[in-house]
Amino acid sequence: NYKLKSYPKNVIYFLHISKCGGTTLRDAFIELNKFSNTKVRRFPHAVKANNLNFKNKNKYIISIREPLSRYFSAYYDRKRSKELNKIERSYYELFPTANKLAEALSHKDNEIKFKAIEAMEKIELVNHKLEYWFSIDFLKKQKPYFIFEQEKLEEDFIKFCRLIKLNKKINFYVR
């Protein structure tokens with residue numbers, strides 16, 4: 001569906017990588033769009049760069065996060081989910097903390113190690129690598145217009161506003 005569309009060049013597209021501050025940015029972009037000539041449109045988590053028709057060399061932005069922090073956030077966010085499937089529930093029983101799962105990846109007992117590797121592959125969010133959103137080829141052909149770092153979202157948002165020449169202060173609420 002997204003690949004068939006042609007996207008206007010005057011919009012910057014936000015590719016929402018999970019557990020990287022995207023919800024906070026989404027809210028800030030809603031405010032930004034009220035005051036800026038440059039509009040930012042957010043794609044949902046499920047939309048990946050490879051699924052887009054960016055033949056117009058559209059500008060896109062992303063947010064990233066330090067990998068261990070992202071792993072912990074994904075682990076506990078998914079653990080709290082009411083939509084856990086039976087397999088995920090069994091892994092959370094076997095590895096009740098993010099540390100237990102991480103430590104089990106190098107366990108001497110191969111059965112425990114195998115279960116941990118399997119858990120990393122089967123637990124939603126935890127198994128989403130950056131490759132899930134981008135291929136190296138895509139990044140080589142089209143570099144991001146701006147990269148936000150979750151650890152300094154507010155500071156990066158101010159830089160982004162300067163980049164698009166927005167002089168109005170936008171309220172920014174970190175969730």
### Task
Can you run down the ring pair (Phe, Tyr, Trp, His ring centres under 6.0 Å) pairs that involve residues 63-87, sequence neighbours left out, and say none if there aren't any?
Tyr75-Tyr92
### Summary
CD1 of Ile136 to CG of Leu130, rounded to nearest 0.5 Å, is 9.5 Å
### Query
Going from OG1 on Thr97 to CG on Leu101, what distance comes out if it is rounded to the nearest 0.5 angstrom?
8.0 Å
#### Entry: Side chain Asn127, main chain Met120, donor-acceptor under 3.5 Å
no
#### Entry: Side chain proximity check, Ile117 to Lys113, heavy atoms < 4.5 angstrom
yes
### Task
Identify the residue among Leu25, Val40, Ile147, Leu15 that makes a side-chain contact (heavy atoms from CB on, under 4.5 Å) with Ile61.
Val40
#### Entry: Asp109 atom CG: more than 12 heavy-atom contacts under 6.0 Å
yes
### Ring centres under 6.0 angstrom apart (Phe148, Phe160)
yes
### Message
Let me confirm one number: the CD-CZ distance from Gln150 to Arg65, rounded to the nearest 0.5 Å.
### Response
4.0 Å
### Query
Between Ile170 and Ala28, which heavy-atom pair has the shortest distance, and what is it?
CG2-O, 3.9 Å
### Task
Might you point out which heavy atoms bring Arg78 and Glu83 nearest each other, and give the distance in Å?
NH2-O, 3.2 Å
### Query
Closest approach of Ile164 and Ser36, non-hydrogen atoms and distance?
CD1-OG, 3.7 Å
### Task
Take atom CD1 of Ile87 as the centre, draw a 6.0 Å sphere, and report whether it contains more than 12 heavy atoms from other residues, nucleotides or ligands.
no
#### Entry: Arg89 bridged to Glu93 by N-O distance under 4.0 Å
no
### Task
May I have the step-by-step check of side-chain contact (heavy atoms from CB on, under 4.5 Å) for Arg70 and Ile17, ending in yes or no?
CA-CA 11 Å; Arg70 185 169 176 261; Ile17 298 170; 3.7 Å; yes
### Task
Any chance you could lay out the side-chain contact (heavy atoms from CB on, under 4.5 Å) test for Ile158 and Arg162, step after step, and finish with the verdict?
CA-CA 6 Å; Ile158 291 166; Arg162 274 192 228 123; 3.2 Å; yes
### Query
Do you know which two heavy atoms are closest between Leu153 and Cys20, and how far apart they sit?
CD2-O, 4.5 Å
### Query
Looking only at heavy atoms, what is the nearest atom pair of His45 and Arg42, with distance?
N-NH1, 4.2 Å
### Query
Looking at side-chain heavy atoms only, is the closest gap between Lys165 and Asn37 below 4.5 Å?
no
### Summary
Taken to the nearest 0.5 Å, the spacing of Arg26 CZ from Arg41 CZ works out to 15.0 Å
### Message
Check the orientation of His128 and Tyr132. Use parallel for under 30°, tilted for 30 to 60°, and perpendicular for over 60°.
### Response
parallel
### Task
Spell out, as yes or no, whether a donor-acceptor pair under 3.5 Å connects the side chain of Asn33 to the backbone of Phe29.
yes
### Query
Out of curiosity, Asn85 CG to Glu124 CD, how far, rounded to the nearest 0.5 Å?
8.0 Å
### Task
Check step by step if side-chain contact (heavy atoms from CB on, under 4.5 Å) holds for Ile62 and Phe134.
CA-CA 11 Å; Ile62 59 173; Phe134 306 98; 3.1 Å; yes
### Task
Determine, using the 4.5 Å side-chain heavy-atom cutoff (strictly less than), whether Phe14 and Ile30 are members of one ILVMFWY cluster.
no
### Query
If two hydrophobic side chains count as joined below 4.5 Å and joins carry through other members, does Ile64 share a cluster with Trp133?
yes
### Task
Please indicate whether Lys39 has more than 12 foreign heavy atoms, meaning atoms of other residues, nucleotides or ligands, lying under 6.0 Å from its NZ.
yes
#### Entry: Validation row: Lys19, Ser73 side chains within 4.5 angstrom (heavy atoms)
yes
### Query
Under 4.0 Å between a Lys/Arg side-chain N and an Asp/Glu carboxylate O for Lys100 and Glu103?
no
### Query
Can you check whether Glu154 reaches Lys159 side chain to side chain, under 4.5 Å on heavy atoms?
no
### Query
Is the distance between the ring centroids of Phe43 and Tyr13 under 6.0 Å?
yes
### Query
Can you check whether Lys115 reaches Ile112 side chain to side chain, under 4.5 Å on heavy atoms?
no
### Query
Would you say the side chain of Leu32 lies within less than 4.5 Å of the side chain of Leu166, judging by non-hydrogen atoms?
yes
### Message
Less than 6.0 angstrom separating the ring centers of Tyr145 and Tyr60, yes or no?
### Response
no
## Note on the structure
Separation between CG (Asn167) and CZ (Phe35), nearest 0.5 Å, reads 13.0 Å
### Message
Looking at every non-hydrogen atom in both residues, tell me the closest pair between Glu66 and Ser69 and how far apart they are.
### Response
OE1-N, 2.7 Å
